[in-house]
Amino acid sequence: MNKLFAASVTAAALVGLASLPAKAAQDILIGGGSVTGVYYQVALQTCKIMNKHSGGKYNCVGRPALGSVFNINAVKRGLLDFGVAQSDRNYQATNGTADWEGKPMAELRSVMSMHPETVLLMTRKDTGIKSVMDLKGKTVNIGNPGSGQRGNAEDILRIYGIDQKKDINAEGLQQSEASRALIDQKVDAFFYTVGNPSAAIEEPANSIDADLVSINSDGIRKFISNKPYYVMATIPAGTYKGIDHDTETFAVKATVITSTAVSEEMVYDYVKTVFENLEELKGLHAAFRILKPKDMLGGLTAPLHPGAMKYYKERGLM
Ligand code: GLU
């Protein structure tokens with residue numbers, strides 16, 4: 001090796017060393033939802049907080065994903081460290097019902113809850129759809145396989161006595177495509193379970209005469225009455241452009257979930273960093289503005305991860 005080359009190798013090695021943190025950062029991967037929903041913002045913005053405030057200990061990446069059911073299953077398989085998921089899906093996975101019939105996920109763990117999500121039915125005013133019953137004969141996006149809204153849409157259709165195979169033309173688009181498809185008149189309506197406001201609802205509201213349809217029949221009230229993870233909720237008039245009436249429907253909580261395989265240290269650090277920088281997080285998306293530390297322990301239907309519990313006890317929240 002000639003001297004000049006040796007010197008430059010040494011210099012490069014030193015420069016490299018100087019720019020490395022003392023210990024290599026640990027990777028964290030968090031799965032969200034469609035890019036126009038709020039889950040992706042949860043994944044993206046909590047990672048932003050982690051990367052900014054963990055002193056180089058973590059390299060956190062929030063990515064778009066297919067939604068609740070996908071995230072729960074991906075966390076189980078170790079493909080994600082954390083995922084965002086609806087409280088009703090966490091309950092079903094933990095108890096082995098619905099998509100997890102006969103195969104409960106014993107490893108599923110709750111980390112914290114985030115914003116409430118309303119089960120929305122959006123249409124265009126020109127379709128004449130004013131109630132769920134009017135969906136008969138229409139093309140309706142019920143949500144992509146892997147999404148949380150698909151199960152909600154299937155429950156609603158069943159409760160209203162609509163056969164999704166015979167009575168409607170059911171589509172399974174991801175939400176970013178579904179909002180587009182409503183604008184382009186390729187679907188007449190879509191179901192989406194999401195926090196407010198979300199870009200997926202703003203897009204049609206801002207560009208066409210769109211409408212939100214209430215989902216509040218006696219059948220729905222009866223259905224939610226014995227399920228503690230559902231509540232009735234109202235989207236106030238004016239939340240979205242051109243929608244000047246209140247919309248009543250039911251709601252779940254968005255939660256962050258993980259598995260027993262993820263270390264106590266990582267979960268503790270994640271929860272602590274998010275809670276201690278909550279004011280900053282609240283400024284990063286409008287759906288986060290209502291977050292309050294105490295509420296973020298509510299609606300957790302899978303057992304709490306010990307790393308999260310450690311922080312909540314330390315903080316006097318439980
Ligand atoms: N609730 C939806 C789901 O579970 C996702 C909503 C969002 O991306 O904000 O798939």
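All ligand and atom numbering here is 1-based and tracks the order in the structure. Just so you know, residue 1 is the first one in the sequence shown, and it goes up from there. As the structure is a computational prediction, the values presented were derived from the model and not from experiment.
In summary, the side chains of T118 and N196 do present a donor paired with an acceptor at a separation below 3.5 Å, with no hydrogens or angles considered. For the residue pair S207/E203, the side-chain donor-acceptor check at 3.5 Å is not satisfied. With no hydrogens or angles considered, a side-chain donor-acceptor pair links W100 and N73 at under 3.5 Å.
Look at E279 and K282 and you find a salt bridge, because one of the NZ, NE, NH1 or NH2 atoms lies within 4.0 Å of a carboxylate O, short of that distance. Salt-bridge annotation for K138 and D134: absent, with no side-chain N of the basic residue lying under 4.0 Å from a carboxylate O of the acidic one. Salt-bridge check for E248 with R221: passed, with a basic side-chain N closer than 4.0 Å to an acidic carboxylate O.
For atom 9 (O) of ligand 1, the closest heavy atom belonging to the protein is V38 N, 2.6 Å. Counting protein heavy atoms only, atom 4 (O) of ligand 1 is closest to S68 OG, 2.4 Å. Ranking the protein heavy atoms by distance from atom 6 (C) of ligand 1 puts T193 O, 3.3 Å first. In terms of protein heavy-atom proximity, atom 2 (C) of ligand 1 is closest to Q149 OE1, 3.1 Å.
The atoms of ligand 1 that sit less than 4.0 Å from any heavy atom of S147 are 10 (O). Contact atoms of ligand 1 toward G148: 3 (C), 4 (O), 10 (O) (distance under 4.0 Å to a heavy atom of the residue).
For ligand 1, the polar-atom distance check finds no N/O of Y40 at less than 3.5 Å from any of the ligand's N/O atoms. On a distance-only criterion, G195 and ligand 1 share no N/O pair closer than 3.5 Å.
Under 4.0 angstrom from ligand 1, there are no non-hydrogen atoms of R89. At a heavy-atom distance under 4.0 Å, only side-chain atoms of Y192, from C-beta outward, approach ligand 1.
Side-chain contact between Y230 and N152 is present, with heavy atoms from C-beta onward closer than 4.5 Å.
Residue-ligand proximity: F70 is placed with every non-hydrogen atom at 4.0 Å or more from ligand 1.
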